[in-house]
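Since the structure is predicted, the reported quantities are computational estimates derived from the model, not experimental observations.
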Amino acid sequence: MNRVVVTGMGIISPVGNTISEYWESISNGVCGIDKISRFDASRLKVKLDAEVKDFNPKNYYSAMQEIRKSDLFMQYAVAASDEAVKMSGILESDIDKNRLGVYIGTGIGGINTTLTEAKKLEAKGPERISAFFVPMMIANMASGTVSIRYGAKGPTLPIVTACATSTHTIGEAYRTIKHGYADAIIAGGSEAALNELAMAGFVNCQALCLSDDPKTGSIPFDARRSGFVMGEGAGILVLEEYEHAVARNAHIYAEVTGYGNTADAYHMTAPDPEADGAIRAIRQAVEESGITGNEEIYVNAHGTSTHLNDAMETKALKEVFGEKAYDLHISSTKSMTGHMLGATGAAEAIASVLALENGVIPPTINYVEKDEECDLDYTPNTAVKADVEYAVSTSLGFGGHNACVALKKMK
């Protein structure tokens, strides 16, 4: 079996639009959550979101025509891929493009385009619908666009598993390279769903926090938690076969060592309170990695700031690690980025890679009130230095989708 490593990363997020900005923010506890400003939210109960700031697609596209043909979720994916590919130097090598793939997913896809064209249909009739409506709306088009951009002709697909999407893309890309079907894959997720329709839907299924104070919006594992804050953005990693990376003298940021993929088969939106699916996903990734629990381990928790998720995830970690769960370094970077939906797993895998490389555990900010059900070390409020050997990143999505990837520090 092949070893698989990370040789590039890119990010568009509520706390920074480059890897350096992102790490500077999450390692220093910078909050990207604020009052909704993207649209008029006066009719909504929800008041907070986590918006990408200062994004300019002109920095990533050579022609306005290409921008006009791209939904925002596609633009975010292109921008993050641009940074990741440049960082990796993969296109400067002699890689066979037939063995370069793209696995980029999304939870929702081009919903902003759908809204725009639906309004146009109502006001002006079907003849005025854009010829690019379908390719701007469908969920595979971030992956397709990036494939076209780089001439990547290897295994290429999207994955749509709600909040677990981009942890699944990373994990499935890992397996594809591990078993020899590709030499490198551009993997991650993208989301741009901050609009009245999507947020009204999440409010009405009782998923979002209704606080108007950014400091009490996304507060994972805190007893006061009451729902998540919607975010947006994209996270992309370049995964590469180890010998291929070494042969071209690439910088290796971390090794992917394990992956778990399970289902709850329980409920459309609620997690299984017994945590069976999460336990199995985490255990699969941990066992494949050879992790015993005696190592220094960082867990980037799914940590959505909902009562059921955070209690269930804590239970899962205790079941997998036993008493050693109390020695884990855990945090939820959603306390800073909000919940980036289909992009969140990749953003959190990137945070995990950076924690390994820098020996710093990013904090769970705005943590004030301890919950008896959540009694592990969640790195409250301030980053800590720790020379961790492994990182485990979990994502748990609507529909009962569970994903976990494990990463190892390169020495």
Side-chain angles (χ1 to χ4, degrees), residues 1-6 164 167-168 170-175 177-179 220-221 237 239 241-242 252-262 272 274-303 310-333 345 348-364 373-380 383-396 402-411:
M1 296 294 180
N2 297 319
R3 294 171 66 186
V4 182
V5 295
V6 178
T167 300
H168 277 137
I170 294 165
E172 296 300 325
Y174 157 70
R175 284 184 177 168
I177 298 169
K178 179 179 179 179
H179 290 278
F221 305 107
L237 299 87
L239 303 190
E241 193 274 322
Y242 172 75
I252 296 173
Y253 292 90
E255 181 175 1
V256 186
T257 54
Y259 170 52
N261 177 354
T262 67
D272 178 359
E274 298 304 313
D276 173 71
I279 290 166
R280 288 184 293 111
I282 296 168
R283 183 168 282 144
Q284 286 173 15
V286 165
E287 290 181 352
E288 185 176 13
S289 299
I291 296 171
T292 66
N294 294 317
E295 306 87 354
E296 285 281 299
I297 301 167
Y298 169 52
V299 176
N300 189 298
H302 188 55
D310 295 2
M312 178 275 292
E313 192 170 9
T314 298
K315 182 175 184 176
L317 291 171
K318 290 179 181 178
E319 180 66 27
V320 173
F321 290 98
E323 285 299 312
K324 293 175 182 177
Y326 291 90
D327 298 325
L328 299 171
H329 301 279
I330 306 166
S331 69
S332 173
T333 44
E348 291 163 11
I350 290 169
S352 300
V353 170
L354 294 170
L356 289 170
E357 182 157 80
N358 292 288
V360 173
I361 308 300
T364 304
E373 290 185 287
C374 303
D375 60 347
L376 301 178
D377 177 6
Y378 305 107
T379 318
V384 299
K385 292 184 178 179
D387 186 19
V388 286
E389 183 178 357
Y390 286 96
V392 174
S393 183
T394 62
S395 294
L396 315 169
N402 306 296
C404 180
V405 291
L407 304 128
K408 186 177 182 180
K409 180 176 179 147
M410 294 301 295
K411 296 180 180 179

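In terms of modelled atom types and a separation under 3.5 Å, the side chain of Thr262 and the main chain of Arg280 share no donor-acceptor contact. Put simply, the side chain of His329 never gets that close to the backbone of Ile361: no donor and acceptor are under 3.5 Å apart. A distance-only check finds no donor-acceptor pair linking the side chain of Gln284 to the backbone of Ile282 [under 3.5 Å]. Between the side chain of Asp377 and the backbone N or O of Thr379, at least one donor-acceptor pair lies under 3.5 Å. Side-chain atoms of Thr167 do not come within 3.5 Å of backbone N or O of Cys404 as any donor-acceptor pair. The closest donor-acceptor contact from the side chain of Thr364 to the backbone of Ser332 lies under 3.5 Å. The main-chain N or O of Thr257 is found under 3.5 Å from a side-chain atom of Tyr174 such that the two form a donor-acceptor pair.
When side chains are defined from C-beta on, Leu239 counts as touching Val6, because their heavy atoms get closer than 4.5 Å. Counting heavy atoms from C-beta outward, Asp327 and Phe321 have side chains that stay 4.5 Å or more apart. Between Val392 and Ile291 there is a side-chain heavy-atom pair separated by less than 4.5 Å. Annotation: side chain of Leu317 is in contact with side chain of Ile330 (closest heavy-atom distance under 4.5 Å). Counting only heavy atoms from C-beta outward, the side chains of Asn2 and His179 never approach each other to under 4.5 Å.
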Please walk me through it: do Val286 and Tyr390 pass side-chain contact (heavy atoms from CB on, under 4.5 Å)? CA-CA 10 Å; Val286 165; Tyr390 286 96; over 6 Å; no
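Closest of all the heavy-atom pairs between Met312 and Ala278 is SD-CB, 3.7 Å. Among all heavy-atom pairs drawn from Ala285 and Ala406, the shortest one is O-CB, 3.9 Å.
At a cut-off of 3.5 Å, with distance as the only test, a side-chain donor of Asn300 or Thr333 sits close to an acceptor on the other residue. Side chains of Glu373 and Thr314: a donor-acceptor N/O pair is absent below 3.5 angstrom, by distance only. If you check the side chains of Tyr298 and Ser331, you find a donor sitting under 3.5 Å from an acceptor.
Atoms NZ and CD, from Lys408 and Glu255 in turn, are 6.5 Å apart once rounded to the nearest 0.5 Å. The line from CD of Glu295 to CG of Asp387 is 12.5 Å long, rounded to the nearest 0.5 Å. Between the CD atom in Glu389 and the CD atom in Glu296 there is a gap of 9.5 Å [rounded to 0.5 Å]. To the nearest 0.5 Å, atom NE2 of residue His302 and atom OG1 of residue Thr394 are 7.0 Å apart. Going from atom CD1 of Ile170 over to atom CZ of Arg175 covers 13.5 Å, rounded to the nearest 0.5 Å.
In this structure, the side chain to side chain donor-acceptor pair (under 3.5 Å) partners of Asn261, at least two apart in sequence or on a different chain, are His168, Glu172, Tyr259. By the side chain to side chain donor-acceptor pair (under 3.5 Å) test, Asp375 pairs with Lys318, Tyr326, sequence neighbours left out. For the side chain to side chain contact (heavy atoms under 4.5 Å, CB included) test, residues two or more places apart in sequence or in another chain that qualify with Glu274 are Asp272, Lys315. By the side chain to side chain donor-acceptor pair (under 3.5 Å) test, Ser393 pairs with no residue at all, sequence neighbours left out. Residues passing the side chain to side chain contact (heavy atoms under 4.5 Å, CB included) test with Asn294 are Thr292, Lys324, sequence neighbours excluded.
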Let me have the donor-acceptor pairs involving side chains of residues 348-357, under 3.5 Å, with sequence neighbours excluded, atom names and distances please.
| from | atom 1 | to | atom 2 | distance (Å) |
| --- | --- | --- | --- | --- |
| Glu348 | OE1 | Lys334 | NZ | 3.2 |
| Glu348 | OE2 | Lys334 | NZ | 2.7 |
| Glu348 | OE2 | Thr344 | OG1 | 2.8 |
| Ser352 | OG | Glu348 | O | 2.9 |
| Glu357 | OE2 | His251 | NE2 | 3.0 |

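Salt bridge Glu288/Lys178: present, at least one basic N to carboxylate O contact under 4.0 Å.
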